Protein chains: 2
Amino acid sequence: MSRRPPLSRPRILEAAVAFADEHGADALTMRKVADALGFRVMSLYNHVANKNEMLTGMVDLVVGEIEPPPTRGSWQELMQASAASAHHVLLRHPWAASEWSKRHPGPNRLRYMDDILRILTEADLGPSIVYRGYHAITMHIVGFTLQEAGFEGEMASDFEQMAQDFLDQMSDQLPYLAEHVRGHLDPCGHGDEFAFVLSLILDGLERAARPRG
Amino acid sequence: MSRRPPLSRPRILEAAVAFADEHGADALTMRKVADALGFRVMSLYNHVANKNEMLTGMVDLVVGEIEPPPTRGSWQELMQASAASAHHVLLRHPWAASEWSKRHPGPNRLRYMDDILRILTEADLGPSIVYRGYHAITMHIVGFTLQEAGFEGEMASDFEQMAQDFLDQMSDQLPYLAEHVRGHLDPCGHGDEFAFVLSLILDGLERAARPRG
DNA sequence: ACCTGAACACCGTTCAAGT
DNA sequence: ACCTGAACACCGTTCAAGT
């Protein structure tokens, strides 16, 4: 707990990410970040333009944690591996999926985008499938994690209680939803849903590019 | 422009949605909503618990605009129609996709969830595919629109300029990304990407449920 | 060059007072 | 029952002053 190593942009972003990880993005405040570092608010502005730019930097820092894709394997394997790493990173930083789509890409994200596009291009799927596939895949990675994070953030411990109340009151009016909620309460899981849905997309792209694959 | 019809919860939510549509969710303020209605801030609190609860109500109001699924057609057709309506609604309210995943479902959203699950259940895909398919589909609808909204919000008019600058500076370091950006600049579009990716998911679900379909 | 105190315009929300 | 003024604790950010 050594207080006051010197202030710097990386140290600020690091502390801000840690704070958001623990307390959520809504609670993130310039003053709180400064407190966590042992400085006063205004000191931050010597290294960061403003809160918005700080958040952009935070997202790019998080993107930097994603493992680069492996060098060997089928294009689906490369993509699954890269997506799994991105998924893990975004689950570690539950606020980041929501910010991802709101901000300009920084250097790490540009690098990441290029990696994904390289895999697709070298898979020889044709320019149109590469173009659309890229959007489908990034949408899945961010969108799916966003849904998971929102789900866990909101509910977590009291989900079971809420679900029970819902089942008691609404089962007859919304029977299909009731059945789905029972699925969520089922302790034996449904396997890796993230990878499952991604495989639907990847297989679909492969089939669209090479109908007689 | 008749000022001051009486205040009420629906009128507040309506005004708040209109304000967020025009100025974005970040600019939304209790004081601004009150101003737009011709009242003072504190009057709002007689009809809404607080800003958070107001936002939850706003999302549910928007979900209420989604058309119920048609009554006839293949399950894929029903799903495509329902998803297209949801997509249009979320594009009309670009802030809503981002809030969707952060808030508890209200009555309209519970109804909507039940509709989606009914389509899947009656398609006879089996409980496991229904469960996972539901998550895949809602993830697509919200996630894809979120990406579109973020894209248009951030850039819009100056996107072409930014893209040109990027191409001039970075083409050699990030060649695959550069090619993708050229695709975005291409005036002849790439068709309905939203429906294309959804069809990948729907076909994949069908195939997973009935391998010899 | 980096840190900071004081100040400004703005938040969401509470409470007590009006009608 | 519904509206509101004053007040509180908190924001992000500017500016001028310190070292």
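Every value quoted in this text rests on a predicted model; they were computed, and no experiment measured them. Residue numbering restarts at 1 for every chain, and letters A, B, ... go by the order of the sequence lines.
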Does A:H180 have any ring pair (Phe, Tyr, Trp, His ring centres under 6.0 Å) partners at least two apart in sequence or in another chain, and if so, which?
-> A:H184, B:Y131, B:Y134, B:H135
Return the stems involving DNA chain D, sorted by first number, where pairs are Watson-Crick (N1-N3 with N6-O4 or O6-N4) or G-U wobble (N1-O2 and O6-N3), both under 3.5 Å, and runs are 3 or more long.
-> C:4-8 with D:12-16, C:12-16 with D:4-8
Specify the separation, in whole Å, of atom CG of A:D35 and atom P of D:dG12.
-> 11 Å
Taking atom C1' of D:dG5 as reference, at what distance in whole Å does atom CG of B:N46 sit?
-> 14 Å
Respond yes when some side-chain nitrogen or oxygen of B:S43 is under 4.0 Å from OP1 or OP2 of D:dC2, and no when none is.
-> no
Here the gap from A:L7 atom CG to A:R40 atom CZ, rounded to the nearest 0.5 Å, amounts to 13.0 Å
Letter by letter from the 5' end, nucleotides 14-19 of chain C scores (B base, S sugar-phosphate only, - none; protein heavy atoms under 4.0 Å) BB----
Can A:R111 and A:D115 be counted as an ion pair, charged N to O under 4.0 angstrom?
-> yes
Rounded to whole angstrom units, what separation is found between the CZ atom of B:R40 and the C1' atom of C:dG12?
-> 17 Å
Indicate whether the side chain of A:T138 and that of B:Q147 have a donor and an acceptor atom separated by less than 3.5 Å.
-> yes
d(CG, B:N50; P, C:dG12) in whole Å | 11 Å
B:D168 atom CG: more than 12 heavy-atom contacts under 6.0 Å = yes
Gap between atom CD of A:Q80 and atom CD1 of A:I119 - 0.5 Å precision = 11.0 Å
Rounded to the nearest 0.5 Å, how far apart are CE of B:M139 and CZ of B:R132?
-> 12.5 Å
Roughly how many Å is it from NZ in B:K51 to P in C:dC11, rounded to a whole number?
-> 9 Å
Member of A:D114, A:D60, A:I66, A:T56 meeting the side-chain contact (heavy atoms from CB on, under 4.5 Å) criterion with A:R109 | A:D60
Over how many whole Å does the gap from A:R31 atom CZ to D:dT13 atom C1' extend?
-> 9 Å
Between A:H23 (NE2) and D:dC10 (C1'), how many Å, whole number?
-> 17 Å
Just call it for B:T29: base, sugar-phosphate, or nothing, with non-hydrogen atoms closer than 4.0 Å on any strand.
-> sugar-phosphate
Let me know the distance between NZ of B:K32 and P of C:dA9, rounded to the nearest Å.
-> 16 Å
Considering just the side-chain nitrogens and oxygens of B:H47, establish if one lies under 4.0 Å of OP1 or OP2 belonging to D:dA1.
-> no
Would you find more than 12 non-hydrogen atoms of other residues, nucleotides or ligands less than 6.0 Å from B:R182 atom CZ?
-> yes
